[in-house]
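Written below as structure tokens is the structure these notes are about.
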Amino acid sequence: MLSEPRAGRLAAWGNALLAGLVSPDDAVLAIVGEDAVHRVEGLPGESAPVGLTLALGRLRTLGVTGLRLALPAPGHPLGLSGPPEFNARALDAEQAVVCYGVSFGLVPEVYEAGPEGDVHVEVVWHVLPVREAPPADVPSLGEAERELAEALREATEVLTRLDVAGSGPVAEAAVDAYRARAERGREVLAPGYPPRAVRVLELAQRVGTLIVVATESGHGGAVSASEMGARREALRPVERTARRAQVAAYNSVVEERERGVR
């Protein structure tokens with residue numbers, strides 16, 4: 001969770017574009033980020049991969065009015081609605097975008113190209129049919145915010161109980177350092193998102209960062225394999241909560257539109 005998922009950028013900036021809040025060039029620039037190029041394959045009416053600008057325009061013409069994020073993990077199809085073929089591809093990629101208004105989904109496939117020392121990243125988004133059904137296990141923003149506050153307390157208590165090095169002020173400093181590196185030059189979400197969504201996403205990323213710090217900052221007092229396993233097991237529900245909240249934040253504008261808030 002230290003870096004924004006590509007599917008998150010596509011959902012956030014795609015929603016801003018669909019709402020007329022950003023230009024196609026600005027949306028594509030934000031979605032591509034530090035990658036070299038993004039293409040979209042399997043778009044109806046196209047026999048070959050096309051650029052993001054054309055693809056986003058075509059999706060709008062086809063009736064897409066919003067984009068949702070999915071962040072599935074083994075045993076947790078978060079944000080997915082089927083069919084199994086799409087879910088399997090999304091699970092393999094650990095992320096996907098599900099269209100609202102038309103039954104399509106997009107799954108990224110990442111390639112590295114170029115000689116050693118000058119490697120660049122190319123992304124191909126595969127357009128696949130999805131099932132019209134509510135996305136799995138996505139909470140409301142309010143639910144996500146409450147769950148995250150509890151998860152942050154639980155994570156701190158777990159790390160302290162397991163005597164993990166850096167579960168106090170040292171961890172807080174590490175979290176701040178991780179966030180500073182991850183957020184340098186990055187805008188949270190995109191134009192059109194409510195402040196609460198930004199707040200929930202930032203807290204979800206903070207909880208996710210704490211988990212990374214816990215697993216990368218050395219063994220601390222948990223020197224045995226069983227104690228390390230206990231740490232991972234104890235933090236699993238915290239990580240699940242953070243992923244759910246992240247999806248809730250990215251999907252908030254679509255959920256509000258569906259409820260008629262906007």
* Side-chain (Gln95) to main-chain (Pro5) donor-acceptor, under 3.5 angstrom ->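 Between the backbone of Pro5 and the side chain of Gln95 there is no qualifying donor-acceptor contact (under 3.5 Å).
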* **Side-chain (Ser81) to main-chain (Arg131) donor-acceptor, under 3.5 angstrom** =>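 Yes; judged by distance alone, with no hydrogens or angles, the pair exists.
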Quick one: [atom1] on [X] to [atom2] on [Y], what's the gap to the nearest 0.5 Å?
X      : Y      : atom1 : atom2 : answer
Glu255 : Arg68  : CD    : CZ    : 4.5 Å
Arg9   : Leu29  : CZ    : CG    : 10.5 Å
Ser47  : Glu41  : OG    : CD    : 10.5 Å
Leu17  : Leu59  : CG    : CG    : 10.0 Å
Leu201 : Gln246 : CG    : CD    : 6.0 Å
Leu67  : Asn251 : CG    : CG    : 9.5 Å

* Hey, is CD on Glu122 packed in by over 12 heavy atoms from elsewhere, all under 6.0 Å? ->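 Yes, CD of Glu122 has more than 12 neighbouring heavy atoms, counting only those of other groups under 6.0 Å.
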Between [X] and [Y], which heavy-atom pair has the shortest distance, and what is it?
X      : Y      : result
Leu189 : Trp13  : O-NE1, 3.4 Å
Val50  : Ala55  : CG2-CB, 4.0 Å
Gly8   : Leu69  : N-CD1, 3.6 Å
Val123 : Pro108 : CG1-CB, 4.0 Å
Leu18  : Gly66  : CD1-N, 3.7 Å
Ala93  : Val107 : CB-CG1, 3.7 Å

* Could you check Leu235, Leu148, Thr241 and say which one makes a side chain to side chain contact (heavy atoms under 4.5 Å, CB included) with Val207? =>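 When side chain to side chain contact (heavy atoms under 4.5 Å, CB included) is applied between Val207 and each of Leu235, Leu148, Thr241, only Leu148 qualifies.
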* In sequence, state the C-alpha distance, the side-chain angles, and the governing distance for Leu52 and Arg39, and then conclude on side chain to side chain contact (heavy atoms under 4.5 Å, CB included). => CA-CA 6 Å; Leu52 267 180; Arg39 296 185 179 88; over 6 Å; no
Verify same cluster id: [X], [Y] (apolar side-chain graph, 4.5 Å):
X      : Y      : value
Phe86  : Leu91  : no
Val28  : Leu43  : yes
Leu106 : Val121 : yes
Tyr111 : Val37  : no
Leu10  : Val32  : yes

* Asked: Does the side chain of Arg89 reach to within under 4.5 Å of the side chain of Leu128, using non-hydrogen atoms?
  ->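 In contact.
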* Using a 4.5 Å cut-off on heavy atoms from C-beta on, say whether the side chain of Val98 contacts that of Pro135. =>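 Contact flag for Pro135/Val98 side chains = no.
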* Asked: Judged by modelled atom types alone, do Asn15 and Tyr250 share a side-chain donor-acceptor pair under 3.5 Å?
  ->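 Tyr250 and Asn15 do not have a side-chain donor-acceptor pair below 3.5 Å.
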* **Arg6 side chain to His38 side chain, donor-acceptor N/O pair below 3.5 angstrom** =>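 The criterion, which ignores hydrogens and geometry beyond distance, is not satisfied for His38 and Arg6.
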* Asked: Passes side chain to side chain contact (heavy atoms under 4.5 Å, CB included), Val127 versus Glu46? Steps please.
  -> CA-CA 11 Å; Val127 179; Glu46 299 292 338; over 6 Å; no
* Asked: Stepwise, does the side chain to side chain contact (heavy atoms under 4.5 Å, CB included) test hold for Val40 with Arg58?
  -> CA-CA 11 Å; Val40 180; Arg58 179 65 56 78; over 6 Å; no
* **Passing option when Glu147 is tested against Arg153, Arg244, Arg243 for salt bridge (charged side-chain N to carboxylate O under 4.0 Å, His left out)** =>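 Per the salt bridge (charged side-chain N to carboxylate O under 4.0 Å, His left out) rule, the option paired with Glu147 is Arg244, out of Arg153, Arg244, Arg243.
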* To do: List the steps and the verdict of side chain to side chain contact (heavy atoms under 4.5 Å, CB included) for Leu203 and Arg199.
  => CA-CA 6 Å; Leu203 184 55; Arg199 186 168 67 245; 5.8 Å; no
